[in-house]
Peer 1: 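The structure follows.
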Protein chains: 2
Amino acid sequence: MNQNKYYIFFGNLANPLKVEIISELKENEMSVLELAKKLDVEQSKLSHALKSLKHCSIVNVKQEGKKRIYSLNKETILPMLEIIDKHESKFCKECKAMEARKK
Amino acid sequence: MNQNKYYIFFGNLANPLKVEIISELKENEMSVLELAKKLDVEQSKLSHALKSLKHCSIVNVKQEGKKRIYSLNKETILPMLEIIDKHESKFCKECKAMEARKK
DNA sequence: GATTCATATGAAATCTATTTCATACATCTA
DNA sequence: TAGATGTATGAAATAGATTTCATATGAATC
């Protein structure tokens, strides 16, 4: 019974920075420095995060001159986020409360 | 920009034990001790894991005598697992390799 | 209401993941 | 090819999550 893929995949998304990255890339593909500015985080931190997202094909990269442009694998990620939105509004009253508290 | 819900939800699944629990409950609802036997893990460990799964409504509980019967929120989880299966077979060659290595 | 069975809880120990910082590597341009 | 820009990497430090173990709580039975 080998289901490593599931928790490895989820682990990759279980992190606020990575979720922020995803939510930026949902709008536009962009380079590492652009992301760094948008999210106000240090570059190497982003590179580390992007590396693991890339490793599971949650994002893709292309080279453009000196820049590496990251884009979201929307085919997988968008439906996934939708499921959670639906889940939250239907089942997860506590999660909402938690969200509020964390603000 | 508050997207805590996403990483909180994913965090809950980013763990081998929790994935095992889910995969057992996919087949049958069951009590904590039944799960403990099936998965060969200590009871309190399960209780901790079930608590957080419950907290995000990934599982549900009902009381039956002394026992508490846990069941899976299939409406949310099954489509989610399907997305990952599809993702894996389509995009994630590395994940497969990783899976193999971990065996 | 004492005992037993089933489960939950708290806190310390342990394990895993993220962050940081210094530095290396790659691409482009003068 | 030296310098500048953009990104990646490794390793130590740190933060977070899981596990363990002892114990508490709740439900049923006698």
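All of these numbers come straight from a predicted model, not from anything done at the bench. Naming convention: chains lettered A, B, ... in sequence-line order (proteins, then strands); numbering from 1 in each chain. Because only heavy atoms are used, hydrogens play no part in the values below, and waters and symmetry mates are left out as well, while side chains stay in.
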Peer 1: Over all heavy atoms of both residues, which pair between Val61(B) and Tyr70(B) is shortest? Give the atoms and the distance, please.
Peer 2: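 Nearest pair, atom of Val61(B) first, then Tyr70(B): CG2-CE2, 3.5 Å.
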Peer 1: What is the per-nucleotide protein-contact pattern of nucleotides 17-24 of chain C, from the 5' end, where B denotes a base atom under 4.0 Å from a protein heavy atom, S denotes such proximity for sugar-phosphate atoms only, and - denotes neither?
Peer 2: -SSBBB--
Peer 1: Within this structure, what is the CD1-to-P distance between Ile69(B) and dT7(C), rounded to whole angstrom?
Peer 2: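 Going from Ile69(B) (CD1) to dT7(C) (P), I get 7 Å.
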Peer 1: Counting just side-chain N and O atoms, does Tyr70(B) come under 4.0 Å of either OP1 or OP2 of dA8(C)?
Peer 2: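 Yes.
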Peer 1: Write down the distance between CD1 (Ile21(B)) and C1' (dT18(D)), rounded to a whole number of angstrom.
Peer 2: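 Answer to the nearest Å: 12 Å.
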Peer 1: Indicate whether the side chain of Ser31(A) and that of Glu34(A) have a donor and an acceptor atom separated by less than 3.5 Å.
Peer 2: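 On atom types as modelled, these side chains qualify, holding a pair under 3.5 Å.
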Peer 1: Can you check whether Cys56(B)'s main-chain N or O pairs, donor with acceptor, with His87(A)'s side chain at less than 3.5 Å?
Peer 2: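 Yes.
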Peer 1: Ser52(B) and Lys18(B): side-chain hydrogen bond (donor to acceptor under 3.5 Å, both in side chains), yes or no, with the steps?
Peer 2: CA-CA 9 Å; Ser52(B) 71; Lys18(B) 287 176 186 166; 2.9 Å; yes
Peer 1: Is there a path of hydrophobic side-chain contacts, each under 4.5 Å between heavy atoms of I/L/V/M/F/W/Y residues, joining Leu13(B) to Leu39(B)?
Peer 2: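 Cluster IDs for Leu39(B) and Leu13(B) match.
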Peer 1: Let me know the distance between CG of Leu53(B) and P of dA17(D), rounded to the nearest Å.
Peer 2: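 Interatomic distance, CG of Leu53(B) to P of dA17(D): 15 Å.
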Peer 1: More than 12 non-hydrogen atoms from neighbouring residues, nucleotides or ligands closer than 6.0 Å to NZ on Lys26(A), yes or no?
Peer 2: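 Yes.
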Peer 1: Shortest non-hydrogen contact from Asn60(B) to Lys54(B)?
Peer 2: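 Minimum heavy-atom contact is CA-CD, 4.3 Å.
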Peer 1: Rounded to whole Å, please give me the gap between NZ in Lys62(B) and P in dA6(C).
Peer 2: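 Whole-Å distance recorded here is 17 Å.
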Peer 1: For nucleotides 26-30 of chain C, tabulate all protein N/O to nucleotide N/O atom pairs closer than 3.5 Å, reporting atom names and distance.
Peer 2:
residue, atom, partner, partner atom, Å
dT27(C), O3', Gly65(A), O, 3.4

Peer 1: Using a distance-only test with no angle check, is there a side-chain donor-acceptor pair under 3.5 angstrom linking Tyr6(B) and Asp85(A)?
Peer 2: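 Yes - a donor-acceptor pair under 3.5 Å links their side chains.
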Peer 1: Nearest-Å distance, CG (Leu50(A)) to C1' (dT7(D))?
Peer 2: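 Those two atoms, CG and C1', are 10 Å apart.
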Peer 1: Within the structure, does a side-chain N or O atom of Arg68(B) lie under 4.0 Å from either OP1 or OP2 of dA8(C)?
Peer 2: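 For Arg68(B), the contact criterion (side-chain N or O under 4.0 Å from OP1 or OP2 of dA8(C)) is met.
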Peer 1: Does Lys67(A) put a side-chain nitrogen or oxygen below 4.0 Å from OP1 or OP2 of dT7(D)?
Peer 2: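 Looking at the OP1 and OP2 atoms of dT7(D), neither is under 4.0 Å from any side-chain N or O of Lys67(A).
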Peer 1: Using whole Å, what does the distance between atom P of nucleotide dA8(D) and atom CG of Leu33(A) come to?
Peer 2: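 Computing the Leu33(A):CG to dA8(D):P distance gives 10 Å.
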Peer 1: Is there a path of hydrophobic side-chain contacts, each under 4.5 Å between heavy atoms of I, L, V, M, F, W or Y residues, that connects Leu17(B) with Ile8(A)?
Peer 2: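 Both belong to a single hydrophobic cluster.
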Peer 1: Evaluate Lys86(B) against Glu75(A) for salt bridge (charged side-chain N to carboxylate O under 4.0 Å, His left out), listing each step before the verdict.
Peer 2: CA-CA 10 Å; Lys86(B) 225 181 279 172; Glu75(A) 187 174 340; over 6 Å; no
Peer 1: Does the distance from a Lys or Arg side-chain N to an Asp or Glu carboxylate O, for Lys62(B) and Glu29(B), drop under 4.0 Å?
Peer 2: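 Answer for the salt bridge query: yes.
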Peer 1: Work out how much the helix from dG1(C)-dC30(D) to dA30(C)-dT1(D) bends between its end axes, five pairs an end, to the nearest 10 degrees.
Peer 2: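 Inter-axis angle at the termini of the helix from dG1(C)-dC30(D) to dA30(C)-dT1(D): 20°.
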Peer 1: Strictly below 4.0 Å: does Ser31(B) bring a side-chain N or O up to OP1 or OP2 of dT7(C)?
Peer 2: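 Affirmative; the distance criterion is met.
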